[in-house]
Amino acid sequence: MESTPQQTSEGKAVVTVLAAVLERLVNSNAHLSHGNGDNVTKFHALKAPGISIQQYLERIHKYASCSTECFILALIYIDRLIQRNNFILSDLNVHRVVITAILLAAKFFDDAYYNNAYYAKVGGVLVSEMNGLEVEFLFR
């Protein structure tokens, strides 16, 4: 799971771009998501986390040791979730959606990955919640 300086640099660049894309999506959906309780999912938090999407992705990149490709694959998974389910990404759900998508991408793409308990700790969610989010993401 060791990475070269070039891989680390590429990973940071991908994280920056992914954060910008997700921030733009969340901001464009801001007027749609508030005040409508119909679209509440398992991914929704009661209040927005105190960490930005950029910082959250940097944390995942630092501690999860997943490949750069996993971040790209996670974006594809998130796009499919949005397209196929009319899912609205908001500041209340983006962090949980991201950690779940990266977990699934690592399990699919990487030869070596951590267990759900580790990703839960990195993502700041309970293990039981991480397990539920994984199932929800897969079968939604």
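Computed over heavy atoms, backbone and side chain alike; hydrogens, waters and symmetry mates excluded. Count residues from 1 along the sequence.
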Please report the interatomic distance [atom1]([X]) to [atom2]([Y]), rounded to the nearest 0.5 Å.
X: Leu22; Y: Asp91; atom1: CG; atom2: CG; result: 12.5 Å
X: Glu129; Y: Lys42; atom1: CD; atom2: NZ; result: 9.5 Å
X: Thr16; Y: His61; atom1: OG1; atom2: NE2; result: 9.5 Å
X: Arg84; Y: Asp79; atom1: CZ; atom2: CG; result: 9.5 Å
X: Ile82; Y: Arg80; atom1: CD1; atom2: CZ; result: 13.0 Å
X: Ile88; Y: His44; atom1: CD1; atom2: NE2; result: 8.0 Å

Under a single-linkage definition using a 4.5 Å side-chain heavy-atom cutoff for Ile, Leu, Val, Met, Phe, Trp and Tyr, are [X] and [Y] assigned to the same hydrophobic cluster?
X: Val127; Y: Leu138; result: no
X: Leu126; Y: Leu92; result: no
X: Leu46; Y: Val125; result: no

With a 4.5 Å heavy-atom cut-off, do [X] and [Y] have their side chains touching?
X: Val15; Y: Gln54; result: yes
X: Phe87; Y: Val97; result: yes
X: Tyr113; Y: Tyr118; result: no
X: Tyr63; Y: Tyr114; result: no
X: Val98; Y: Leu18; result: no
X: Glu136; Y: Thr100; result: no
X: Leu103; Y: Leu133; result: no

Looking only at heavy atoms, which two atoms of [X] and [Y] are closest? And how far apart?
X: Ser90; Y: Asn93; value: N-OD1, 2.7 Å
X: Tyr119; Y: Ala64; value: CE2-CB, 3.7 Å
X: Leu89; Y: Asn29; value: O-ND2, 3.1 Å
X: Arg59; Y: Val122; value: NE-O, 2.6 Å
X: Asp110; Y: Ser67; value: OD1-OG, 2.7 Å
X: Ile102; Y: Ala74; value: CG1-CB, 3.7 Å

**Message:** Heavy-atom count check: over 12 atoms from other residues, nucleotides or ligands less than 6.0 Å from Asn85 CG?
**Reply:** yes
**Prompt:** Is the count of non-hydrogen atoms from other residues, nucleotides or ligands lying under 6.0 Å from Lys107 atom NZ greater than 12?
**Reply:** yes
**Asked** Among all residues two or more places apart in sequence or in another chain, which pass the side chain to side chain contact (heavy atoms under 4.5 Å, CB included) test with Val14?
**Response** Thr68, Phe71, Ile72
**Complete:** Test side-chain contact (heavy atoms from CB on, under 4.5 Å), reference Pro49, set His95, Gln55, Arg96, output is His95
**Message:** Would you call the rings of Phe108 and Tyr77 parallel, tilted or perpendicular, taking 30° and 60° as the class edges?
**Reply:** perpendicular
